[in-house]
Amino acid sequence: MKRIISLIKRLAFLGYCTFEIESIIKEAIGIDIVSNLNGIQELAVIQHLEMYEQLGLSYLDTYSK
């Protein structure tokens, strides 16, 4: 759960709004609530959040020059 919270904070820092972050989570597991997740759901959320973090970092790298 700590990793999910950390990734959510990083996405917010990268400019993702709350609605976008909730949509990413819902895309991963079908719901936008991250409390009481089982191991498979937690892994799916982490993978999705990490993917969007990389997309955000890539965007910043490309367009901040």
Side-chain angles (χ1 to χ4, degrees):
M1 188 65 178
K2 279 182 157 183
R3 180 74 178 134
I4 292 173
I5 300 301
S6 173
L7 286 164
I8 289 171
K9 288 179 181 179
R10 289 193 43 82
L11 289 178
F13 179 76
L14 289 170
Y16 288 86
C17 68
T18 303
F19 173 76
E20 291 170 318
I21 295 169
E22 288 173 353
S23 293
I24 293 166
I25 294 168
K26 191 170 187 174
E27 179 183 318
I29 59 171
I31 57 172
D32 59 2
I33 301 167
V34 294
S35 59
N36 299 323
L37 298 179
N38 65 36
I40 294 170
Q41 290 172 318
E42 193 168 319
L43 182 60
V45 169
I46 289 170
Q47 289 174 337
H48 260 67
L49 293 174
E50 286 176 341
M51 180 180 70
Y52 279 91
E53 178 189 29
Q54 288 304 312
L55 289 170
L57 289 170
S58 180
Y59 178 85
L60 281 180
D61 187 48
T62 301
Y63 294 103
S64 66
K65 295 177 181 178

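A donor-acceptor pair is defined here as one N or O able to donate and one able to accept, closer than 3.5 Å; such a pair exists between the side chain of S64 and the backbone of L60. A donor-acceptor pair under 3.5 Å links the side-chain atoms of T62 to the main chain of S58, judged by distance alone.
Applying the 6.0 Å contact sphere to CD1 of I40 captures no more than 12 heavy atoms from other residues, nucleotides or ligands.
Taking every heavy atom of both residues into account, L37 and I33 meet most closely at CD2-O, 3.7 Å. Taking both residues in full, the closest heavy atoms of A28 and A44 are given as CB-O, 3.8 Å, listed atom of the first, atom of the second, then distance.
In summary, of the residues considered (I8, I46, L49), a side-chain contact (heavy atoms from CB on, under 4.5 Å) with R3 occurs for I46 alone.
Listed by first then second residue, pairs satisfying salt bridge (Lys or Arg N to Asp or Glu O under 4.0 Å) with a partner in residues 5-17 read R10-E53, not counting sequence neighbours. A ring pair (Phe, Tyr, Trp, His ring centres under 6.0 Å) check over residues 42-62, counting only residues at least two apart or in different chains, returns the pairs Y59-Y63. The salt bridge (Lys or Arg N to Asp or Glu O under 4.0 Å) analysis of residues 18-47, with sequence neighbours excluded, yields no pairs.
With sequence neighbours left out, F13 forms a side chain to side chain contact (heavy atoms under 4.5 Å, CB included) with no residue at all. Annotation: side chain to side chain contact (heavy atoms under 4.5 Å, CB included) contacts of N36 (sequence neighbours excluded): none. Annotation: side chain to side chain contact (heavy atoms under 4.5 Å, CB included) contacts of Q47 (sequence neighbours excluded): L43.
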Run the numbers on V45 and L7 for side chain to side chain contact (heavy atoms under 4.5 Å, CB included), then give the verdict.
CA-CA 10 Å; V45 169; L7 286 164; over 6 Å; no
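F19 and I24 fall into different hydrophobic clusters, where Ile, Leu, Val, Met, Phe, Trp and Tyr side chains are chained together by heavy-atom contacts under 4.5 Å.
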